[in-house]
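Sequence positions, counted from 1, serve as the residue numbers for this chain. Note that these values count all heavy atoms, side chains included, but never hydrogens, waters or copies made by symmetry.
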Amino acid sequence: ITGWFYSSTLTFGTYSLTNPSSGGTTSGAFVAKISSSGTWQWAQESSANAYGLNSEDIAIDSDGNVYIVGSMWGSYTFGSTTLNSTSKVFLAKLNGSNGNWMWALSGDSQYNGRGYGIAIGNDGPYITGYFGPQPINFGSITLTNSNPATSGGTGGDELFLVKATSNGTWDWGISVG
């Protein structure tokens, strides 16, 4: 399961997670695995120096690895990978056996970016969400908005579909709007 929490701690059986914010004032993301018999096998959180991290969706590949997608504001660490942004989409992969973070990627937008859905194909994860009115960058892939911000700062959001490899690189992306 995945999600986010504002409380100081969150407990899954014998696994206790601590909110990355000092007073529980911002959200921290969690991922936890439960066996088919209802026993918690592991639980993991991100560490932060930020405003909030929302994990919106989860998927598991054929090897049992776990992928999560969501949105973040600020600086978050997933294992040994730190992502920094004011408005960012994130995609992270965990080892399904032990819950260790394997990698994390971000989609950077100057204004607004949200990751909401994930599906796993034979060749890696596909994520969906929205961005706008400014462009969003997934590594070297830049998606532009067909209704960009005007000088007054208004504009509309667009949907995106972005593909990543199972090794943690952005592959391709398209926008719809």
Side-chain angles (χ1 to χ4, degrees), residues 1-4 12 15 17 20 27-36 40-50 52-110 112-132 134-145 158-176:
I1 65 171
T2 192
W4 65 92
F12 298 91
Y15 301 96
L17 305 179
S27 59
F30 69 86
V31 184
K33 181 179 179 180
I34 193 165
S35 72
S36 60
W40 293 107
Q41 296 184 312
W42 52 259
Q44 188 66 265
E45 75 217 349
S46 63
S47 62
N49 179 15
L53 179 71
N54 297 348
S55 181
E56 298 285 353
D57 200 7
I58 189 169
I60 301 169
D61 69 16
S62 60
D63 294 326
N65 296 307
V66 178
Y67 296 80
I68 61 171
V69 66
S71 306
M72 60 180 279
W73 303 266
S75 173
Y76 279 87
T77 301
F78 302 84
S80 61
T81 304
T82 299
L83 305 176
N84 298 292
S85 180
T86 54
S87 183
K88 182 178 288 195
V89 174
F90 76 87
L91 170 64
K93 181 179 180 180
L94 297 93
N95 181 304
S97 298
N98 58 25
N100 290 335
W101 297 104
M102 297 175 73
W103 51 257
L105 300 172
S106 65
D108 302 313
S109 176
Q110 290 180 340
N112 196 13
R114 304 286 187 272
Y116 281 113
I118 186 168
I120 305 297
N122 291 337
D123 52 353
Y126 296 78
I127 65 169
T128 62
Y130 72 88
F131 72 99
Q134 301 294 331
I136 189 167
N137 299 305
F138 294 91
S140 63
I141 302 163
T142 299
L143 302 179
T144 57
N145 192 314
E158 297 222 353
L159 304 176
F160 67 77
L161 171 63
V162 177
K163 160 87 175 52
T165 67
S166 59
N167 293 326
T169 58
W170 294 117
D171 196 9
W172 56 261
I174 57 172
S175 61
V176 179

Quick check for you: to the nearest 0.5 Å, what is the distance between Ile120 atom CD1 and Asp63 atom CG?
11.0 Å
Identified side-chain hydrogen bond (donor to acceptor under 3.5 Å, both in side chains) counterpart of Tyr67 within the set Asp61, Thr2, Asp57
Asp61
Nearest heavy-atom pair of Tyr76 and Ser46: which atoms, and what distance?
CD2-OG, 3.5 Å
Applying side-chain contact (heavy atoms from CB on, under 4.5 Å), run through Ser97 and Trp42 and close with a yes or a no.
CA-CA 9 Å; Ser97 298; Trp42 52 259; over 6 Å; no
Between Phe90 and Ile127, does a side-chain contact (heavy atoms from CB on, under 4.5 Å) hold up when you go through it step by step?
CA-CA 10 Å; Phe90 76 87; Ile127 65 169; over 6 Å; no
All side-chain hydrogen bond (donor to acceptor under 3.5 Å, both in side chains) counterparts of Ser71, not counting sequence neighbours
none
Are any side-chain N or O atoms of Asn98 and backbone N or O atoms of Asn100, one a donor and one an acceptor, separated by less than 3.5 Å?
yes
Minimal heavy-atom distance between Phe160 and Gly115, with the atoms involved, is CZ-CA, 4.3 Å
Enumerate the salt bridge (charged side-chain N to carboxylate O under 4.0 Å, His left out) contacts for residues 158-172, please, sequence neighbours excluded, ordered by first and then second residue.
Lys163-Asp171
Neighbour count above 12 (heavy atom, 6.0 Å) for Asn122 CG:
no
Would you call the rings of Trp101 and Phe78 parallel, tilted or perpendicular, where under 30° means parallel and over 60° means perpendicular?
perpendicular
Between Asp108 and Lys88, what is the shortest heavy-atom contact and its length?
OD1-CE, 2.7 Å
Looking only at heavy atoms, the pair that brings Ala104 and Thr81 closest together is O-CG2, 3.6 Å
Passing candidate, side chain to side chain contact (heavy atoms under 4.5 Å, CB included) with Ile136, options Ile141, Val89, Asn112:
Val89
For the pair Leu91 and Ile118, evaluate side-chain contact (heavy atoms from CB on, under 4.5 Å) and give the outcome as yes or no after the intermediate values.
CA-CA 9 Å; Leu91 170 64; Ile118 186 168; 3.6 Å; yes
Are any non-hydrogen side-chain atoms of Ile1 and Phe30 less than 4.5 angstrom apart?
yes
Specify the closest pair of heavy atoms between Tyr15 and Gln41, including all atoms of both residues, with the distance to one decimal.
OH-O, 2.7 Å
On a heavy-atom basis, the closest approach of Asn65 and Gly96 is OD1-N, 3.6 Å
Testing Leu161, Val162, Asn137, Leu159 one by one against Leu143 for a side chain to side chain contact (heavy atoms under 4.5 Å, CB included), which residue passes?
Val162
Is it true that a side-chain atom of Lys33 and a backbone atom of Gly99 form a donor plus acceptor pair closer than 3.5 Å?
no
Salt bridge (charged side-chain N to carboxylate O under 4.0 Å, His left out) pairs touching residues 69-85, sequence neighbours excluded, are none
For Ile58 and Val66, run side-chain contact (heavy atoms from CB on, under 4.5 Å): C-alpha distance rounded to whole Å, both residues' side-chain angles, the deciding distance at 0.1 Å, then the answer.
CA-CA 7 Å; Ile58 189 169; Val66 178; 3.6 Å; yes
In terms of relative ring orientation, are Tyr130 and Tyr116 parallel, tilted or perpendicular, with 30° and 60° separating the classes?
parallel
